[in-house]
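Only this structure's heavy atoms are used, side chains among them; waters, hydrogens and symmetry mates stay out.
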Amino acid sequence: MKYLDGMNALTLVFVALLVLAISYRFYGLFLANKVLRLNAKVVTPAVEFADGRDYVKTNKNVLFGHHFAAIAAAGPLVGPVLAAQFGYLPGTLWILIGCVLGGGVHDMVVLFASMRHKGQSLASIASKEIGPTTGTIAGIAVLFILILTLAGLSLACISAMHEASWSLFTVIITMPIAIIMGLIMRYRKDSVTFASILGGILLIAGIVGGHNLMQIPFLNDLFHWDVSTISIAIAVYGFLASVLPIWLLLVPRDYLSTYLKIGTILLLAVGIVFVHPTLQMPALTEFIHGGGPVIGGPVLPFIFIVIACGAISGFHAVIATGTTPKMIGNEREILFVGYGAMLVEGFVALMALIAACTLMPGDYFAINTPAAGYAQFLVENPHLTAVDLPHFMEKIGVDLQGRTGGAVSLAVGMAHIFNSIPYMDEVMAYWYNFAIMFEAVFILTAIDAGTRVGRFFLQEMLGGVFPKFRDKDWMPGVIIASFLFTFAWGYLVFTGNVSSIWPLFGISNQLLAACGLIVCTTMLMRMDRGKYALCAAVPGVMMALVTFWAGYLQVVDIYVPAGDYLLAGLAIVAMVLMLIVFISAFKKWYELSKKSPTETDFYGEKVKELVER
């Protein structure tokens with residue numbers, strides 16, 4: 001692989017754009033026309049059940065933005081950066097192959113299944129297509145995976161902000177800015193443009209002014225928090241955000257973060273075009289066989305769980321069976337919204353991988369190796385000594401060594417690319433803190449949205465025992481469910497670290513993706529799709545097998561030897577839950593293969609009847 005080392009990043013970007021464009025034009029259309037047989041005449045849930053609140057027919061471009069913002073949290077930024085430990089080649093191949101043949105297919109078929117089931121959740125689809133017990137287990141698994149997701153994302157955010165006053169300040173100010181935007185859009189007519197401009201100006205002012213403000217000793221000490229303090233604070237934030245009105249914080253933050261993410265990624269792409277940096281990380285590193293300081297396992301199968309979002313993600317099923325299926329006005333738009341948004345997320349993931357791989361390998365590992373083990377790491381790998389990191393630390397003013405989790409190395413990589421532009425060296429600190437805020441805004445958006453969704457799930461489950469919990473307006477129930485759910489992921493954040501939590505998140509997330517594909521394959525078989533159902537079945541079964549493989553290695557070779565029995569137990573629970581779902585689905589496949597399938601969906605209405613309506 002030596003001939004691949006030192007590749008120009010621009011070449012990788014160009015190849016990726018070609019692959020994604022061709023995939024959308026040919027494979028995406030194949031899925032739409034042959035596999036799903038999307039029908040523009042079918043009455044969608046957004047039209048049939050229009051209520052002006054949840055079921056609302058929405059312009060496809062606006063809906064694309066909503067769907068992309070919802071599915072593309074920090075996952076496509078963090079996972080690829082951590083996977084850079086193996087070199088840039090494994091991550092690049094998995095992102096491109098995964099999002100084209102796995103993630104895009106998953107998002108399309110799950111969105112299609114939810115729309116044909118009146119916009120219902122994956123658990124409800126599994127209940128109707130396979131059986132009530134399977135649906136209940138799938139619902140528990142979704143709640144379980146939300147807990148692990150929020151823990152993994154929170155740890156990535158914490159690593160970037162602890163004992164870094166300026167970085168923490170730039171993140172905290174996004175909260176009052178979002179609230180101000182929410183109040184303006186709530187109480188001032190036709191104020192979206194004004195709120196957007198004001199929010200952007202306040203963000204820039206916060207980043208630029210934060211540097212001078214942190215020179216004041218009192219303010220610097222006020223925002224100089226250690227890991228434990230931030231761990232508690234981020235859980236408190238999640239709790240408060242889950243009980244506040246959705247229009248006050250969640251919606252304006254989601255709206256603001258969409259502009260930030262798309263704008264920053266485009267800016268990074270432009271920077272690569274002009275700077276055309278060289279990938280300093282080799283195509284393959286010596287850690288592909290395992291034993292790396294970032295991820296302990298070998299590249300196969302761990303690349304499949306380290307890069308989850310950006311290639312294929314079960315978390316997307318929560319969105320594709322949540323708000324999005326209730327807003328599509330034309331079934332043909334599933335291609336643009338479902339497959340298109342997944343391809344864009346794949347491109348975001350690739351840009352994050354490139355940013356990390358433009359760093360010198362020694363600098364990358366100095367940032368991502370836990371401080372306690374860095375000295376021993378250098379003894380074993382003397383050729384991976386930091387090169388440019390002292391210069392970065394001097395310019396940024398923050399000790400960057402040992403800040404694991406991917407967020408910091410991505411921010412440094414982005415700052416490094418922009419720093420190659422003439423006269424930019426003196427403003428590297430501003431680029432770095434902007435990148436930290438850019439990542440943190442998306443992480444916090446996922447935290448408040450995920451905590452709110454988790455609270456809904458938990459209230460429904462508790463409502464089976466105490467019916468009062470089903471009342472979403474009953475504040476004691478809201479507070480109790482929010483506290484229990486927040487405590488669950490907050491405890492993992494307080495006691496864990498990214499190297500241990502992120503693979504656990506990857507295992508559960510990828511099992512949920514396999515679940516989505518396998519459950520929807522059952523529906524396709526019922527609808528007489530024949531061999532076309534293999535487009536969902538093959539990646540579903542592959543993801544199930546490879547994730548069980550990775551889960552076994554993570555438990556036996558990493559968790560148990562390290563004494564992480566809680567994490568080992570959680571991984572085993574996730575795998576057992578999904579194994580039950582998969583076995584039930586495979587039994588249903590066998591039954592369906594013996595029957596004469598129909599074009600009737602299991603929700604009880606034929607497509608012909610839907611068209612006639």
Side-chain angles (χ1 to χ4, degrees), residues 1-2 5-6 78-91 155-156 158-164 167 226-227 277-299 302-303 306 352-416 419 428 432 496-503 554 557-559 561-564:
M1 291 294 176
K2 288 295 183 183
D5 295 347
V78 175
V81 173
L82 299 180
Q85 168 193 274
F86 301 122
Y88 71 82
L89 185 60
L155 283 166
I158 290 168
S159 178
M161 296 189 299
H162 75 87
E163 297 169 349
S167 299
D226 59 18
V227 172
T278 299
L279 298 176
Q280 302 296 337
M281 189 71 73
L284 297 172
T285 70
E286 60 265 45
F287 301 113
I288 58 173
H289 303 296
V294 183
I295 301 296
V299 64
F302 277 77
I303 191 69
V306 175
L353 178 67
I354 289 174
C357 290
T358 57
L359 294 174
M360 296 297 293
D363 297 333
Y364 169 86
F365 285 107
I367 296 172
N368 287 286
T369 302
Y374 184 61
Q376 182 60 34
F377 172 77
L378 283 183
V379 171
E380 298 172 355
N381 303 275
H383 60 293
L384 292 177
T385 303
V387 178
D388 297 323
L389 196 62
H391 175 73
F392 294 153
M393 289 192 291
E394 178 186 354
K395 292 296 182 181
I396 295 172
V398 175
D399 183 4
L400 301 173
Q401 186 173 314
R403 291 184 178 270
T404 59
V408 170
S409 47
L410 173 58
V412 174
M414 292 173 64
H416 174 60
N419 187 57
M428 177 183 283
Y432 171 83
N497 58 71
V498 170
S499 295
S500 60
I501 295 293
W502 192 265
Q554 183 71 19
D557 294 344
I558 299 175
Y559 284 156
D564 289 330

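With values rounded to the nearest 0.5 angstrom, Leu82 atom CG is found 7.0 Å from Ser409 atom OG. One finds the CD1 atom of Ile354 at 6.5 Å from the CG atom of Leu279 (value rounded to the nearest 0.5 Å). From Gln280, atom CD reaches atom CG of Leu359 across 9.0 Å, with rounding to the nearest 0.5 Å.
For Ala83, the side-chain contact (heavy atoms from CB on, under 4.5 Å) partners are Ile303, Val306, Ile307, not counting sequence neighbours. Scored by the side-chain contact (heavy atoms from CB on, under 4.5 Å) test, Asp399 finds Met393, Gln401 as partners (sequence neighbours excluded). With sequence neighbours left out, Tyr374 forms a ring-ring contact (aromatic ring centres under 6.0 Å, His included) with no residue at all. Remark: Glu380 pairs with Gln376 by the side-chain hydrogen bond (donor to acceptor under 3.5 Å, both in side chains) rule, at least two apart or across chains.
At a threshold of 4.5 Å between non-hydrogen side-chain atoms, the residues Leu353 and Val81 do not count as touching. Side-chain atoms of Leu400 and Val412, non-hydrogen and from C-beta on, do get closer than 4.5 Å to each other.
The two residues Ala366 and Leu389 come nearest to each other via the heavy atoms CB-CD2, 3.6 Å.
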Contacts under 3.5 angstrom, residues 285-297 side chains, donor-acceptor by atom type, not counting sequence neighbours:
| residue | atom | partner | partner atom | Å |
| --- | --- | --- | --- | --- |
| Thr285 | OG1 | Gln85 | O | 2.6 |
| Thr285 | OG1 | Phe287 | N | 3.2 |
| Glu286 | OE2 | His383 | NE2 | 2.8 |

